[in-house]
Amino acid sequence: MYFQDPPDKQAYYTQVWALARQIPLGRIATYGQLAKLIPAPSDIDPNVYRTSSPRWVGNAMAACPDDVPWQRVLNAQGKISDRRGAARQKALLQLEDVEFLNDRVDLSYYQWAGPNMPDAPRQPRLF
DNA sequence: GTAATGACCAATA
DNA sequence: CTATTGGCCATTA
């Protein structure tokens, strides 16, 4: 159930962390979102990149330095990926005023607009 | 040497 | 709503 590692794991992870550091407090990015913001390494098949890069991002977050706001990265469903430490992640987000409904956040409300982009004005939450 | 298992996602059934 | 499937590797025990 895994597909490949980046050719240069260190270089890839560094890019992931650089992006994650830009996620503002109280905003959420998804693994796939960050993956799409990083260009595919030249020696990787685009299809392979598309399917495996979200996991590379997950792996990068598992190994991130202390100054990376790892708690702001969730899965595409707006949920915390199940693992040891999920409860801690939820607690940290709640400290940032991120609200959960049935263990899910409303991505249409909380999702980060992207690097060097103004955050979209917040629409009314759907719940 | 084998075997288990990872912070994913989109499309289906 | 939940479950399954394809994608098909590196690391660790």
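Below, chains carry the letters A, B, ... as their sequence lines are ordered, and counting in each starts from 1. On a predicted model such as this, the values are computed, not experimentally measured, just so you know.
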TODO: Among the candidates B/dA7, B/dC8, C/dA10, find the nucleotide nearest to the side-chain atoms of A/Pro54.
DONE: B/dC8

Open item on the list: Is any side-chain heavy atom of A/Pro65 closer than 4.5 Å to one of A/Arg21?
Closed with: yes

Task: Nearest-nucleotide pick for A/Arg55, side chain only, options being B/dA7, C/dC8, C/dG7 - done: C/dG7

- [ ] May I ask you to decide if A/Arg104's main-chain N or O and A/Asn102's side chain share a donor-acceptor pair within less than 3.5 Å?
- [x] no

Task: Donor-acceptor contact present, side-chain A/Trp112 to main-chain A/Pro24, <3.5 Å - done: no

Open item on the list: Can you confirm whether A/Lys9 sits close enough to A/Trp56 that some side-chain heavy atom of one is under 4.5 Å from a side-chain heavy atom of the other?
Closed with: no

Open item on the list: Output the rounded distance in Å from CG (A/Asp103) to P (C/dC1).
Closed with: 13 Å

Open item on the list: Measure CE/A/Met61 against P/B/dC9 and give the value in whole Å, please.
Closed with: 12 Å

Open item on the list: Would you measure the distance from the P atom in B/dT5 across to the matching atom in C/dC8 and give it in whole Å?
Closed with: 22 Å

Open item on the list: I need the CZ-P distance between A/Arg83 and B/dT5, as an integer number of Å.
Closed with: 18 Å

Open item on the list: Distance check needed: B/dA7 C1' versus A/Leu34 CG, whole Å only.
Closed with: 12 Å

Task: Whole-Å gap separating P (B/dT5) and CG (A/Asp5) - done: 19 Å

- [ ] Can you tell me, in whole Å, how much space there is between the P of B/dA7 and that of C/dG7?
- [x] 23 Å

- [ ] Please report, rounded to the nearest Å, how far the P atom of B/dT5 is from the CG atom of A/Asp82.
- [x] 14 Å

Task: A/Pro115 side chain reached by A/Leu37 side chain, heavy atoms, under 4.5 Å - done: yes

Open item on the list: Check this one for me: any side-chain N or O of A/Lys36 less than 4.0 Å away from OP1 or OP2 of B/dC8?
Closed with: no

TODO: Using whole Å, report how far CG of A/Leu107 lies from P of B/dA10.
DONE: 11 Å

TODO: Ignoring the backbone of A/Thr51, work out which of C/dG7, C/dA10, B/dC9 is nearest its side chain.
DONE: C/dG7

- [ ] For A/Asn47 and C/dC9, give me the distance from atom CG to atom C1', rounded to whole Å.
- [x] 17 Å

Task: Contact check, side chains of A/Val57 and A/Gln33, non-hydrogen atoms, under 4.5 Å - done: no

TODO: Determine the minimum heavy-atom distance between A/Leu19 and A/Leu34, stating which atoms define it.
DONE: CD1-O, 3.7 Å

Open item on the list: Does anything in residues 63-79 of chain A come within less than 4.0 Å of DNA chain B? Heavy atoms only, and list the residues if so.
Closed with: A/Trp70, A/Asn75, A/Ala76

